[in-house]
Amino acid sequence: MIKITLPDNSVREYESGVTGLQIAQSISSRLAKDVLAVSVNGEVWDLNRPIDQDSAIKLYTWDDREGKETFWHSSAHLMAEAIEFFYPGTKFGIGPTVDTGFYYDVDLPEGKQLTEKDLAQIEKKMIELARQKHQIVRSSITKAEALEMFTDKNDELKQELISELEDGTITLYNQGNFTDLCRGPHLPNTSYIKAVKLTSIAGAYWRGDEKNKMLTRVYGVTFPKQKLLDEYLVLLEEAKKRDHRKIGKEMELFTFSQKVGQGLPLWLPKGTQLRLQLEDFLKKVQRKFGYQQVMTPHIGDVELYKTSGHFQKYGADSFQTIKTPAEGEEYMLKPMNCPHHCEIFASKPHSYKDLPIRFAEFGTVYRYEQSGELHGLTRVRGFTQDDAHLFCRPDQLKDEFKKVIDIVFIIFNSLGLENYTAQISLRDPNNPDKYIGSAENWDKAEAAIIEACAEKGLETVTELGEAAFYGPKLDFMVKDALGRSWQLGTIQVDYNLPERFDLEYIGADDKRHRPIMIHRAPFGSMERFVAVLIEHTAGKFPLWLTPDQVVVLPISEKYNDYAQKVSDFLNNSDIRSLIDDRNEKIGRKIRDNELKRIPYLLIVGEKEAETGTISVRKQGEGDKGSMSMEEFAQFLNDEVKEQLSAFYN
RNA sequence: GCCGGAGUAGCUCAGGGGUAGAGCGCAUCCUUGGUAAGGAUGAGGUCACGAGUUCAAAUCUCGUCUUCGGCUCCA
């Protein structure tokens, strides 16, 4: 008998050789049905692999990451089997799981090609194979045997993988007519897989190296129930509907022009209104926190970026320098605002009493992104950072950091982004040479970030080795309404630039000291942030932010004058309003303006004109009754204030 | 940058070796209306761009550009 410890620390006795599935069966039949994998002393195993010694185990279902990964991993094998059926002789690279689903990199036989149209029949075959309930069987073989096996199959991809493995650790998994080199774990049999969707097809280099052969990567996702697949497809549809490129076009927020150039967004009047609203709000918040607004040009002498080090590190992959008619004059489009801000700091001497000094700028920067990387507003070649650089003393670092976190909170809460976490990126302790600055400073800076987050009650994950070479950082991740994660704002501590720019202040001891610099951008970039906001809200922006807050709809042309009066009054009351005086019936005007996502529709006709009132209709909610213009203006301004309460409190 | 799909009216898309289509939008007119689509008429396109094949190319071939899905990259 062996002792099995469950996660609740209860201990049960089983015959040696018991499997995870048998343990689940002994607990409940429901669990036995749902369980997908088991971890044995921290290692995830197949459910039917015998356990022969005392162990601590944990059973995983679809609700656990480990359960899903096992499920999808087996699904990748199932897909491989189906592909091999249609394309005998296919060579298989790697078939790992991803966030949602899995892929397999395959090398199809000479002259064969997969297109999206072929996916349907592969899906069908997968379901057919799954229903046959093939057992998935694990076996160990020696390295020599493994090499021989895949040499026979002419699969040099697998041979390459095997040659890098340690003898004695090599396992195979077999199901039906398909055997694959694999570490596992896997499902007990194929029948768990009930629903299949192959999502896309793409080229990918073997091992991610462009010198290697291009393989065909097939992406897919599978589920244990058809209903889960249906839900997933609905989510995909919803994501498609919310695509910021589509909504941005519909709502006339931004556009691109071939003549202007790829990756260079043009902000249309309504998009500009939205962006200015965000910028003005952040400026107001920053003023409250003691920031000073500055402005710097879009180009700078190449020497500036040599001083900062950016030229050496990124120059070759950047937009190239701009030459002037004068000999030896060279400028760069600015890829960063910080060097300019450093020079502003250096423009006069500073006392320790003056610190922290905080320079903020909505600074547009230009970075040469590879053409294949450009994507709507989220990846562009010219974008505006809501940048600021804070220069402080070491003893001020933690407090300053906390204040930046406060600003981020105000911003996120004012925008309905309530679901966020943060990642603390620290040094790689095994690789101290990668970083500049003294170990002592790093210790202090890392401690300051960790403590600041803890004191602010921020939920964080910590990643070692993810810090920038010049200092540790904190990145904010926001979950949108569809549960997708976006990386937005960032706060970075920097010891490098103050050094390179020889920045200093005079301390209480009358000696020169080096300030610490914090880079921070709560939005990250205005372009990316607006894109995320569009997808999060599906274009239904919070009232305070939306480009057009109110539209006045006269019942007929006879009331256009009154509508104008209402609209003028609202515009004078700080409300963005317009009139729909088209020659259309009221039902039509309501429909069109609802579809334009305008939060409030004001209907005015004979009754309203006589009594000096308006009839209010709220987007998505319908008729709200009538009130006076004054009441309505007050009501809207209150709603805006409510939405910005994080700022006003 | 690399691999693969796509590019037809302002938008969404159909068509396809013999000079171009729909719906929405837009314009004009009729209608003057009460909470999600009133009616009529009309304008609008070098079928991304450049070469080639052909009696004839928007359609077939090649190249370029842009865009989409991935890969690699991201101060």
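Every chain is numbered from 1 and lettered A, B, ... according to where its sequence line falls, protein lines coming before strand lines.
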Q.
Name the residue from A:K473, A:Q385, A:H389 that meets the side-chain hydrogen bond (donor to acceptor under 3.5 Å, both in side chains) definition with A:H519.
A. A:H389
Q: Indicate, with yes or no, if the rings of A:F632 and A:Y600 have centres closer together than 6.0 Å.
A: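 Here the rings of A:Y600 and A:F632 have centres that are less than 6.0 Å from each other.
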Under a plain distance cut-off of 3.5 Å, with no hydrogens placed, do [Y] and [X] share a side-chain donor-acceptor pair?
X	Y	answer
A:S318	A:Q320	no
A:T321	A:E330	yes
A:T364	A:T384	yes

For the side chain of [X], starting at C-beta, report the closest nucleotide among [options].
X	options	value
A:R217	B:rG34, B:rG70, B:rA75	B:rG70
A:I603	B:rG34, B:rG69, B:rG1	B:rG34
A:I590	B:rA75, B:rG70, B:rU35	B:rU35
A:I555	B:rG25, B:rG34, B:rU32	B:rG34
A:Y470	B:rA75, B:rC73, B:rU32	B:rA75
A:A204	B:rC71, B:rC73, B:rA75	B:rC71
A:E606	B:rC2, B:rU67, B:rG34	B:rG34

Any side-chain N or O of [X] below 4.0 angstrom from OP1/OP2 of [N]?
X	N	result
A:Q370	B:rC73	no
A:R591	B:rU35	no
A:K558	B:rG33	yes
A:H375	B:rG69	yes
A:K213	B:rC3	no
A:Y219	B:rC71	yes
A:S200	B:rG70	no
A:Y314	B:rA75	yes
A:R245	B:rG69	yes

Please give, in whole Å, the distance from [N] [atom2] to [X] [atom1]?
X	N	atom1	atom2	result
A:L595	B:rA36	CG	P	12 Å
A:L601	B:rG34	CG	P	17 Å
A:I94	B:rC71	CD1	C1'	12 Å

Report each atom pair, protein N/O against N/O of nucleotides 6-9 of chain B, whose distance is under 3.5 angstrom.
none

Q: Using the P atoms only, state how far B:rG52 lies from B:rA58, rounded to an integer number of Å.
A: 13 Å
Q) Under a 4.0 Å heavy-atom cut-off, which of residues 609-620 of chain A touch RNA chain B? A) A:S615, A:R617
Q. Any donor-acceptor pair under 3.5 Å linking the side chain of A:D386 with the backbone of A:G524?
A.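 Flag set: sc A:D386 to bb A:G524 pair under 3.5 Å.
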Q.
A cation-pi test, strictly: NZ or CZ of A:R217 under 6.0 Å from the centre of the six-membered ring of A:Y103 and no more than 45 degrees from its axis. Yes or no?
A. yes
Q) Is any side-chain N of the basic residue among A:R379 and A:E369 closer than 4.0 Å to the acidic one's carboxylate O? A)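 Answer for the salt bridge query: yes.
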